[in-house]
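Presented below is the structure to which this report refers.
Both counts, for ligands and for their atoms, begin at 1 and track the order of listing. What's counted below: heavy atoms across the whole structure, side chains too, no hydrogens, waters or symmetry copies.
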Amino acid sequence: MTLDRKEPLLKVEGLSKHFKISSTETLKAVENVSFEVYKGEVVGVVGESGCGKSTLGRCLLRLYEPTAGTIYYNGADISRIKSKTEKREFCKNVQMIFQNPYASLNPRMTVKEIVGEGIKLHQKCPAKELDLKVLELLKKVGMNKDHMSRFSHEFSGGQKQRIGIARALSVGPKLIVCDEPISALDVSIQAQVINMLKKLQEEMELTYLFVAHDLSVVKYISDRVIVMYLGMIVEIGETEELYAHPRHPYTEAMLSAIPIADPAKSRNQKSIPIKGEVPSPINPPQACRFAERCHKAQEICFKKIPELVESTKGHCVACHFPNE
Ligand SMILES: Nc1ncnc2c1ncn2[C@@H]1O[C@H](COP(=O)(O)OP(=O)(O)O)[C@@H](O)[C@H]1O
Ligand SMILES: [Mg+2]
């Protein structure tokens with residue numbers, strides 16, 4: 001499928017999500033995030049644990065009410081929809097695959113009930129065709145008829161995640177937020193699941209926002225990558241361009257930490273250390289949130305928020321001293 005980058009399927013403008021955690025403290029989980037996702041695209045979102053990836057995903061699905069900002073789906077503002085019918089229509093189009101398949105499936109429901117629930121709710125087919133529809137979905141994710149009447153707790157982690165994927169697909173979504181869909185799985189089955197997700201995306205012409213905490217996973221599946229640090233976007237770029245020429249010191253440091261299999265290349269790899277720990281999102285730095293850990297930081301970095309600006313085509317960076 002050729003990508004049409006004219007009309008975004010999803011457009012996020014100035015999205016923030018703050019959690020009030022006490023009478024005096026506010027945790028700023030996502031701060032002023034803007035980006036676009038085009039139809040048929042896979043956009044990776046990477047950043048260390050706690051940087052706001054899941055919160056962002058939950059805001060996009062309207063599982064969280066955003067504190068500020070606007071979300072457009074197919075040109076329509078969906079950030080403030082309140083009516084049940086509008087919400088239901090939106091849920092049909094945008095689905096989520098969760099990080100933890102153990103927690104996201106009801107252990108007392110059969111596979112048929114789990115996968116069939118959404119179909120029934122959205123009346124996608126007559127009752128007598130439900131079994132066939134569920135079976136068709138199960139086959140898509142590499143499962144079979146014998147699995148239908150079994151309970152989700154009887155399955156392995158990988159199979160549970162397959163059921164979760166079938167459930168997400170059941171309502172015929174256009175956009176799927178995949179929130180670290182392989183992080184909780186055994187290393188031995190991670191590749192199978194990610195390959196399956198990629199195949200489904202191509203076959204069904206789906207659009208993914210693919211969240212992961214490390215850059216090596218998203219490289220394989222993404223057309224473009226968004227790098228987040230402490231609730232903010234620090235860099236966005238085409239995958240190849242971003243990996244070859246990271247412009248933000250944080251992206252560069254993350255990339256330098258990925259082990260290289262080839263020993264000859266590995267010897268030349270220079271590792272860029274990141275100083276200290278990630279600061280708390282409760283009182284995050286006022287200017288550049290990465291400044292206190294950055295080897296390039298100068299006075300301005302502690303005074304002024306760097307804006308996310310486009311350098312070369314489609315490559316955006318939020319840094320006062322980006323790499324050339
Ligand atoms: N419901 C919540 N209430 C309060 N704080 C939250 C809530 N959800 C997430 N957070 C906080 O928001 C920050 C971002 O969390 P999260 O979006 O889960 O990050 P990630 O998915 O990147 O690991 C973390 O500091 C986390 O503790
Ligand atoms: Mg998360």
Side-chain angles (χ1 to χ4, degrees), residues 10 12 14-35 37 42-69 71 79 94-105 157 160-161 164-165 168 175-185 190 193-194 197 208-219 221-222 224-236 248 250-251 253-255 257 274 276-286 289-290 292-293 308 318:
L10 179 78
V12 176
L15 186 76
S16 296
K17 177 65 188 172
H18 298 170
F19 296 105
K20 204 155 177 48
I21 49 170
S22 73
S23 56
T24 52
E25 286 180 316
T26 304
L27 188 149
K28 296 179 175 171
V30 173
E31 185 77 346
N32 195 20
V33 157
S34 303
F35 63 93
V37 179
V42 178
V43 175
V45 178
V46 282
E48 284 162 282
S49 172
C51 74
K53 305 179 297 296
S54 295
T55 305
L56 169 66
R58 284 170 179 269
C59 288
L60 300 180
L61 263 93
R62 299 297 321 273
L63 297 170
Y64 284 160
E65 200 64 37
T67 308
I71 304 162
S79 36
V94 185
Q95 284 284 309
M96 189 152 176
I97 297 168
F98 295 90
Q99 173 169 7
N100 188 348
Y102 298 86
S104 60
L105 301 179
K160 283 196 179 92
Q161 195 57 300
I165 295 167
L175 172 72
I176 303 185
V177 176
C178 306
D179 189 3
E180 305 212 33
I182 60 165
S183 302
L185 308 180
Q190 286 185 346
V193 175
I194 200 167
L197 283 167
Y208 285 170
L209 193 71
F210 192 97
V211 174
H213 61 259
D214 72 278
L215 277 153
S216 42
V217 173
V218 288
K219 186 177 185 185
I221 198 165
S222 310
R224 287 191 299 134
V225 174
I226 294 174
V227 183
M228 283 183 76
Y229 181 79
L230 204 58
M232 296 180 90
I233 293 179
V234 295
E235 187 159 5
I236 304 179
H248 198 284
Y250 176 63
T251 314
M254 288 239 291
L255 282 172
I274 306 181
E277 301 277 316
V278 185
S280 161
I282 296 173
N283 283 309
Q286 292 294 309
R289 291 192 172 185
F290 186 60
E292 58 193 61
R293 304 180 72 196
L308 189 68

| query | Out of curiosity, E31 CD to L56 CG, how far, rounded to the nearest 0.5 Å? | reply | 13.0 Å

| note | One should read off an interatomic distance between D214 CG and E48 CD, to the nearest 0.5 angstrom, of 11.0 Å

| field | Expected output: side-chain K17 to main-chain E65 donor-acceptor under 3.5 Å | value | yes

| said: Could you check whether any side-chain N or O of K53 sits under 3.5 Å from a backbone N or O of G47, counting only pairs where one atom can act as donor and the other as acceptor? | reply: yes

| request: Specify whether Y250 and H248 have parallel, tilted or perpendicular ring planes, treating 30° as the upper limit for parallel and 60° as the lower limit for perpendicular. | output: perpendicular

| task | Quick one: look at P281 and ligand 1, take heavy-atom pairs under 4.0 Å, and tell me if it's side chain, backbone, both or neither. | result | side chain

Write down the atom of [X], the atom of [Y], and the distance for their closest heavy-atom approach.
X: P285; Y: L230; answer: CD-CD2, 3.9 Å
X: P101; Y: L185; answer: CG-CD2, 4.0 Å
X: S34; Y: G14; answer: OG-N, 2.8 Å

| task | Please check atom 11 (C) of ligand 1 for a protein heavy-atom neighbour under 4.0 Å. | result | yes

| Any nitrogen or oxygen of L27, main chain or side chain, under 3.5 Å from a nitrogen or oxygen of ligand 1? | no

| N/O to N/O below 3.5 Å, does that happen between A29 and ligand 1? | no

Starting from [atom], find the nearest protein heavy-atom neighbour and note its residue, name and distance.
atom: atom 13 (C) of ligand 1; result: G50 O, 3.7 Å
atom: atom 5 (N) of ligand 1; result: F19 CD1, 3.4 Å
atom: atom 19 (O) of ligand 1; result: G52 N, 3.2 Å
atom: atom 18 (O) of ligand 1; result: S54 CB, 3.8 Å
atom: atom 22 (O) of ligand 1; result: K53 NZ, 2.8 Å

| query | Do any N/O/S atoms of S54 come under 2.8 Å of the Mg ion (ligand 2)? | reply | yes

| Per-atom contacts of ligand 1 with S49, taking only distances under 4.0 Å to non-hydrogen atoms | 23 (O)

| Atom indices of ligand 1 within 4.0 angstrom of Y64 heavy atoms, with elements | 1 (N), 8 (N)

| query | Nearest heavy atom to atom 16 (P) of ligand 1: which of V278, T55, V45 does it belong to? | reply | T55

| field | Beyond-backbone contact of L197 with I97, side-chain heavy atoms, under 4.5 angstrom | value | yes

